[in-house]
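Both backbone and side-chain heavy atoms feed into the values below; hydrogens, waters and symmetry mates do not. Because the structure is a prediction, the values reported are computed rather than measured. A, B, ... follow the sequence lines: proteins, then strands. Residue 1 opens every chain.
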Protein chains: 2
Amino acid sequence: MTVDHEAPEPVYQQVASILRERVASGGLAPRRPIPSESTLMQEYGIARETARKAVWLPADEGLVFTVQGRGTYVTG
Amino acid sequence: MTVDHEAPEPVYQQVASILRERVASGGLAPRRPIPSESTLMQEYGIARETARKAVWLPADEGLVFTVQGRGTYVTG
DNA sequence: TTTCATTTGTCCGTATGTATT
DNA sequence: AAATACATACGGACAAATGAA
């Protein structure tokens, strides 16, 4: 899964969808960390702000939760 | 307190006034942080640019002060 | 205990595009 | 034309929390 910077859908929404799928498919398992912001930046070639926004959406949905200094985890 | 996008007064001035009141009322206490830019954006449904302008005004008045990397605080 | 790397939190400056007034 | 405002996106810096060395 990659990102299309030319697509009408914002990049952070595209990445958010990818994260949702990675959780749904079990690629990212409950109680396990999702990729860090730095990793997301590298994996998808995006800025940190974009990576953070991409995580906010699944977080608002209760799919993941964030702990400062540790990371973001899939809700168990 | 909410924002009226139809009002003649610019939104950033409205939010600035709200912040002044939250300080005056003690809702935002001395030496305590005010909401972050992101939080203001969410709380009032405004853009970052607008949130930052809204903070400038109370800052210029000496009501709050900003520390990069930490946040903006009510003057003690 | 101190130090260090990692990660998230926040702020700063800038830029492009759109829309409204 | 200019100011206001939104949305998106980039890059950088400093701060705070965590955990490991």
For dA1(D), what is the paired nucleotide under Watson-Crick or G-U wobble rules, both distances under 3.5 Å? none
For Y44(B) and dT4(D), give me the distance from atom OH to atom P, rounded to whole Å. 21 Å
Please confirm whether the shortest side-chain N or O distance from R70(A) to OP1 or OP2 of dG19(D) is below 4.0 Å. yes
For Q13(B) and dT4(D), what is the distance between atoms CD and C1' respectively, to the nearest whole Å? 10 Å
Do the side chain of Q68(B) and the base of dC12(C) come within less than 3.5 angstrom through a donor-acceptor pair of N or O atoms? no
Are OP1 or OP2 of dG9(C) and a side-chain N or O of R52(A) less than 4.0 angstrom apart? yes
For the side chain of T50(A) and the backbone of Y12(A), is there at least one donor-acceptor N/O pair under 3.5 Å apart? no
Given dC12(C), dA9(D), dA16(D), which nucleotide is nearest the side-chain atoms of E49(A)? dA9(D)
Which of the following nucleotides, dT14(C), dT8(C), dT8(D), is nearest to the side chain of P10(A)? dT8(D)
Do the side-chain N or O atoms of Y12(A) get closer than 4.0 angstrom to the phosphate oxygens (OP1, OP2) of dT8(D)? yes
Scan S38(B) against the nucleic acid and name what it touches under 4.0 Å (heavy atoms): base, sugar-phosphate only, or nothing. nothing
Verify, without hydrogens or angle tests, whether T72(B) (side chain) and I34(B) (backbone) share a donor-acceptor contact under 3.5 angstrom. no
Side-chain contact check for T72(A): nearest option of dC6(D), dT8(C), dC12(C) is dT8(C)
Looking at dT18(D), dT7(C), dG9(C), which one has an atom nearest to any side-chain atom of T66(A)? dG9(C)
Whole-Å gap separating P (dA7(D)) and CD (Q42(B)): 12 Å
Separation of K53(A) atom NZ from dA9(D) atom C1', in whole Å? 7 Å
